[in-house]
Amino acid sequence: MTFLYKADPVRGAEWAELFAQKAPEQPFQIWPHQGDDASVRYLAAWTPPDDIAQRFPHLEILFSVGAGIDQFDMSTLPPDLPVVRMTEPGIAAGMVQYVTHAVLGLHRDSRLYARQQREQVWRAHRVRPATACRVGVLGLGMLGQAVLQQLHGLGFPCAGWSRSAHQLEGIECYSGSGGLRDFLARTDVLVCLVPLTDDTRGLLCRALFEQLPRGAALVNVGRGGHLVEDDLLAALADGQLGAAVLDVCEVEPLPPGHPFWSHPDIVLTPHIASMTQPDGAVEAVLENLRRHRAGLPLLGLIDRQRGY
């Protein structure tokens with residue numbers, strides 16, 4: 001009944017210590033597996049091995065070590081294998097902090113003042129109230145809702161969009177293709193937090209940018225595959241977009257010489273918006289192991305038809 005961890009080995013060592021403290025009866029190993037592959041019942045991974053079905057014939061649960069599962073090739077997984085995304089609370093807390101920082105930086109002209117500092121220019125600019133900056137979040141899952149609650153509390157007029165209808169106190173909610181245009185038209189800072197699926201790949205494109213108010217800003221903390229990079233560069237060049245904060249890219253690490261590195265209207269970070277914290281992650285996994293053994297529904301279980 002081995003639990004196998006296949007991701008960052010440094011964090012894996014922390015997981016091993018926590019398993020030893022919290023569940024000493026559960027055999028735990030870090031990839032590569034040493035022993036009988038048939039003994040592996042649980043696998044936590046960022047990317048599982050390509051031959052997962054053959055290598056681990058008795059696998060009962062595949063855990064993602066991140067909030068998303070788009071890095072998994074579902075066609076290589078046994079069709080009846082439960083796939084569970086990470087529900088550790090620290091993921092939401094980190095995302096809320098990052099997006100709040102990004103929105104506040106855009107709203108309070110952080111790039112402008114950084115440029116003035118480099119040029120030794122002392123010039124004040126008008127401070128707009130939060131009520132003058134309308135924030136919209138694409139995606140109303142756990143992370144999207146947490147971000148909206150925080151920004152709403154800071155006084156920003158907030159709206160969210162998702163494929164299905166939602167109702168959130170104090171938040172304008174839009175849904176479906178019919179609601180997307182109205183949602184975009186009222187959004188000055190667009191935050192992307194939808195899962196990456198076949199339907200959302202390339203969602204952040206020229207056609208979408210043109211539906212935003214001129215000069216709007218983009219914050220992409222979803223996946224690099226959501227963004228059509230050339231369309232972003234064109235929208236920044238002609239002023240349709242005023243700025244972008246990007247934590248994710250199609251190719252990571254971003255290649256040397258890529259235009260994002262030096263673009264004056266792009267703030268770039270290396271996929272650090274939110275990271276799972278080992279203690280909370282292990283607690284979430286152990287809770288699901290308890291639920292699995294008791295025959296209870298798993299928390300964070302993926303619906304393969306929807307892709308999230």
Side-chain angles (χ1 to χ4, degrees), residues 66-71 95 98-103 105-107 111 133-141 143-144 147-148 151 158-164 173-255 258-261 263-274 306-308:
I69 52 90
D70 56 275
Q71 72 277 15
M95 187 61 73
Y98 183 97
V99 174
T100 301
H101 179 265
V103 171
L106 291 164
H107 174 58
R111 290 177 303 109
C133 180
R134 301 165 297 176
V135 179
V137 175
L138 285 166
L140 288 175
L143 299 181
V147 164
L148 283 165
L151 293 173
C158 289
W161 177 91
S162 63
R163 187 170 66 173
S164 57
C173 292
Y174 298 80
S175 62
S177 58
L180 183 59
R181 178 175 293 276
D182 291 340
F183 165 78
L184 294 171
R186 53 77 57 209
T187 295
D188 300 309
V189 178
L190 179 67
V191 180
C192 180
L193 267 170
V194 289
L196 181 60
T197 66
D198 290 342
D199 291 336
T200 63
R201 182 172 294 278
L203 175 66
L204 303 176
C205 64
R206 184 70 190 189
L208 181 142
F209 299 150
E210 288 176 348
Q211 298 177 65
L212 292 166
R214 186 164 181 80
L218 171 68
V219 178
N220 188 17
V221 282
R223 289 288 188 265
H226 287 125
L227 177 64
V228 180
E229 294 183 351
D230 287 345
D231 286 5
L232 172 62
L233 292 170
L236 290 170
D238 68 15
Q240 178 57 31
L241 291 184
V245 178
L246 307 177
D247 184 57
V248 289
C249 297
E250 180 69 31
V251 177
E252 297 179 357
L254 193 67
H258 192 287
F260 286 179
W261 283 116
H263 199 291
D265 295 320
I266 293 177
V267 175
L268 184 68
T269 53
H271 207 145
I272 49 79
S274 184
R306 297 194 299 175
Y308 57 90

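Residue indices begin at 1 and follow the sequence shown. Side chains included, hydrogens not; waters and symmetry mates left out as well; all remaining heavy atoms used.
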Listed by chain and number, what are the side-chain hydrogen bond (donor to acceptor under 3.5 Å, both in side chains) partners of Asp265, not counting sequence neighbours?
-> Arg111
Kindly write out the residues that satisfy side-chain hydrogen bond (donor to acceptor under 3.5 Å, both in side chains) with Thr269, not counting sequence neighbours, or none if the list is empty.
-> Tyr98, Asp247
Determine yes or no for a side-chain-to-main-chain donor-acceptor pair under 3.5 angstrom, with Thr197 supplying the side chain and Asp199 the backbone.
-> yes
Any side-chain heavy-atom pair of Thr100 and Val147 under 4.5 Å = no
Pair Val248-Val221, side chain to side chain contact (heavy atoms under 4.5 Å, CB included): steps then yes or no | CA-CA 6 Å; Val248 289; Val221 282; 5.9 Å; no
What are the two closest heavy atoms between Ala102 and Val245, and how far apart are they?
-> CB-CG1, 4.0 Å
How far apart are the closest heavy atoms of Gly144 and Val137, and which atoms are they?
-> CA-CG1, 4.0 Å
Might you point out which heavy atoms bring Leu106 and Ala243 nearest each other, and give the distance in Å?
-> CD2-CB, 3.7 Å
Spatial distance of atom CG (Leu232) from atom CG (Leu246) [nearest 0.5 Å] = 6.0 Å
For Pro255, side chain to side chain contact (heavy atoms under 4.5 Å, CB included) partners two or more places apart | Val251, His258
Mind checking what makes ring pair (Phe, Tyr, Trp, His ring centres under 6.0 Å) contact with His271, not counting sequence neighbours?
-> none
Do you know which two heavy atoms are closest between Cys173 and Leu140, and how far apart they sit?
-> SG-CD1, 4.3 Å
Ignoring hydrogens and angles, tell me if any N or O in the side chain of His226 forms a donor-acceptor pair with the backbone of Pro195 under 3.5 Å.
-> yes
Output the distance between atom CG (Leu204) and atom CG (Leu241), rounded to the nearest 0.5 Å.
-> 9.5 Å
Who are the salt bridge (Lys or Arg N to Asp or Glu O under 4.0 Å) partners of Asp198, not counting sequence neighbours?
-> none
Just jot down the side-chain hydrogen bond (donor to acceptor under 3.5 Å, both in side chains) partners of Ser274, sequence neighbours excluded, or say none.
-> none
State which residues pass side chain to side chain contact (heavy atoms under 4.5 Å, CB included) with Arg201; sequence neighbours excluded, sorted by chain then number.
-> Leu196, Glu250
Could you list the donor-acceptor pairs under 3.5 angstrom formed by side chains in residues 207-217, with sequence neighbours left out?
residue	atom	partner	partner atom	Å
Glu210	OE2	Arg206	NE	3.1
Gln211	NE2	Ala207	O	3.2
Arg214	NH2	Asp238	O	2.3

For Tyr174 and Ala159, the nearest pair of non-hydrogen atoms, with its separation, is CE1-CB, 3.9 Å
Before giving the answer on side chain to side chain contact (heavy atoms under 4.5 Å, CB included), spell out for Ile266 and Leu236 the whole-Å C-alpha distance, their side-chain angles and the decisive distance to 0.1 Å.
-> CA-CA 9 Å; Ile266 293 177; Leu236 290 170; 3.7 Å; yes
Within residues 178-196 or reaching into it, pairs that qualify as salt bridge (Lys or Arg N to Asp or Glu O under 4.0 Å) - sequence neighbours excluded | Arg134-Asp188, Glu172-Arg186
Any salt bridge (Lys or Arg N to Asp or Glu O under 4.0 Å) pairs touching residues 219-235, not counting sequence neighbours?
-> Asp70-Arg223
Closest non-hydrogen contact found for Val228 with Cys205 is CG2-CB, 3.8 Å
Supply the atom-to-atom distance Cys192 SG to Leu138 CG, rounded to the nearest 0.5 angstrom.
-> 5.5 Å
Can you sort out the partners of His107 under ring pair (Phe, Tyr, Trp, His ring centres under 6.0 Å), two or more places apart, ordered by chain and number?
-> Phe156
Go through the structure and list residues passing side chain to side chain contact (heavy atoms under 4.5 Å, CB included) with Ser164, not counting sequence neighbours.
-> Ser162, His166
Where the side chain of Trp161 meets the backbone of Gly176, is there a donor-acceptor pair that is under 3.5 Å apart?
-> yes
